[in-house]
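Reminder, nothing fancy here: chain letters follow the sequence lines and each chain counts from 1.
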Protein chains: 2
Amino acid sequence: MNAEIVEKLRGHGIQPSAQRVAVAEYILATDEHPSAERVLARVKRRFPMVSRATVYNTLNLFVEKGLVQQLVLTGGRVVFDPWVEDHHHFIDEATGKIHDIPWDAIEVKRVDRLKGFDVRKFHVVLKGRRRG
Amino acid sequence: MNAEIVEKLRGHGIQPSAQRVAVAEYILATDEHPSAERVLARVKRRFPMVSRATVYNTLNLFVEKGLVQQLVLTGGRVVFDPWVEDHHHFIDEATGKIHDIPWDAIEVKRVDRLKGFDVRKFHVVLKGRRRG
DNA sequence: TATTACTTTAGACTTAGTCTAAAACTTAAT
DNA sequence: ATTAAGTTTTAGACTAAGTCTAAAGTAATA
């Protein structure tokens, strides 16, 4: 059992069961922005008996405790992202792959001046192609 | 049958059946960003026998022909937007309601300078509260 | 009018997300 | 160490939205 992950879960107020550690080991190390179903498929490799409810419950708990972020960017898919700090997203339309874009790579102005809206959070969603 | 809508459908290369006109009358006039299920519920008021497949097929055709835009912004919901020109979106976290923000209300810079990415399209997604 | 092409229907199917009650496991108390 | 309390997982059922299918209905063309 990965001691570093255990500590990290505890630090976020999460009781580290074997299944939760397995989920965290995958989700915290990936830059794939996986769906819950993909997480389930991956965790099943180590825990063939793991139940769907456990994986979904675990992911939802991780989001609730701020360990990962849940995104909805394309195709109705909910995906998970270990990068919880503000950043932007680029979606490669050829592959469907989602790429993280550092916050400062793009400059956004006048967000605070929208009439009638209190903006708590924002980010830019970009679509196009990855350059080979 | 609404002649204006019929012409608009034809103009987009869409054969105007009664069901398609009913869907268009609702989707082109609303600023609600409805889900397909909501469109189905609304169209059922006029066409109680309309089938789910017809509504979904119709919405997907409208997107394909550029009559409406399909968005994925929150909660895994796919929603439809008659405003096909570039604009931004504000999601009211209290109500779930999606608001259109004019393109020029926000300034976004340096998008063209992202290393390794050809950006075809982008917009800003904002979350917060609508001010009373 | 007949034929061809297109659209809709009704119901079945799929998938991802949730619910449920019981079993299993962990932690706390004695 | 044992018991009790609390938490987590399981297995399977359920739900809702999106898709598929084959037949029926409608529109366009010859």
Sorted by first residue and then second, give each ring pair (Phe, Tyr, Trp, His ring centres under 6.0 Å) pair with at least one member in residues 113-132 of chain B; sequence neighbours left out. A/F90-B/F117, A/H99-B/F117, B/H89-B/H123, B/W103-B/F122

Using a 3.5 Å cut-off and no angle test, enumerate the donor-acceptor pairs between side-chain atoms of residues 53-63 of chain B and protein atoms at least two apart in sequence or in another chain.
| residue | atom | partner | partner atom | Å |
| --- | --- | --- | --- | --- |
| B/T54 | OG1 | B/S51 | OG | 3.2 |
| B/Y56 | OH | B/E37 | OE2 | 2.5 |
| B/N57 | ND2 | B/A53 | O | 3.1 |
| B/T58 | OG1 | B/T54 | O | 2.6 |
| B/N60 | ND2 | B/Y56 | O | 3.3 |

Got a sec, which residues hit side chain to side chain donor-acceptor pair (under 3.5 Å) with B/R45, two or more places apart in sequence or on another chain? none

Its 5'-most and 3'-most nucleotides having an atom under 4.0 Å from a non-hydrogen atom of chain B, DNA chain C is contacted over C/dT7 to C/dA10

Ion pair check, A/R129 and B/D118, cut-off under 4.0 Å: no

For nucleotides 24-30 of chain D, read 5' to 3', which letter fits each nucleotide if B means a protein heavy atom sits under 4.0 Å from the base, S means only the sugar-phosphate is that close, and - means neither? ---SS--

Sorted by chain and residue number, the side chain to side chain donor-acceptor pair (under 3.5 Å) partners of B/R113 (sequence neighbours excluded) come out as none

Under the salt bridge (charged side-chain N to carboxylate O under 4.0 Å, His left out) definition, can you give me all pairs with a residue in residues 83-98 of chain B, not counting sequence neighbours? A/R120-B/E93, B/D86-B/K121

Looking at DNA chain C, which of residues 44-51 of chain A put a heavy atom within less than 4.0 Å of it? none

Closest non-hydrogen contact found for A/S35 with A/V79 is N-CG1, 4.2 Å

Does D/dT19 have its OP1 or OP2 closer than 4.0 Å to a side-chain nitrogen or oxygen of B/N60? yes

Which part of the nucleic acid, if any, lies within contact of A/R77, taking any heavy atom under 4.0 Å across all strands shown: a base, the sugar-phosphate backbone alone, or nothing? nothing

List for me each residue that meets side-chain contact (heavy atoms from CB on, under 4.5 Å) alongside B/K115, sequence neighbours excluded, and say none if there are none. none

Decide whether A/D100 and A/H88 meet the rule of one side-chain donor and one side-chain acceptor closer than 3.5 Å. no

Just to be sure I understand the geometry, which residues of residues 28-37 of chain B put a non-hydrogen atom under 4.0 Å away from DNA chain D? B/A36, B/E37

Those residues that, when tested against B/P34, pass side-chain contact (heavy atoms from CB on, under 4.5 Å) (two or more places apart): B/Y26, B/I27, B/T30, B/E32, B/R38, B/V39

Under the salt bridge (charged side-chain N to carboxylate O under 4.0 Å, His left out) definition, can you give me all pairs with a residue in residues 59-79 of chain A, not counting sequence neighbours? none

Looking at every non-hydrogen atom in both residues, tell me the closest pair between B/H33 and B/L71 and how far apart they are. CD2-CD1, 4.0 Å

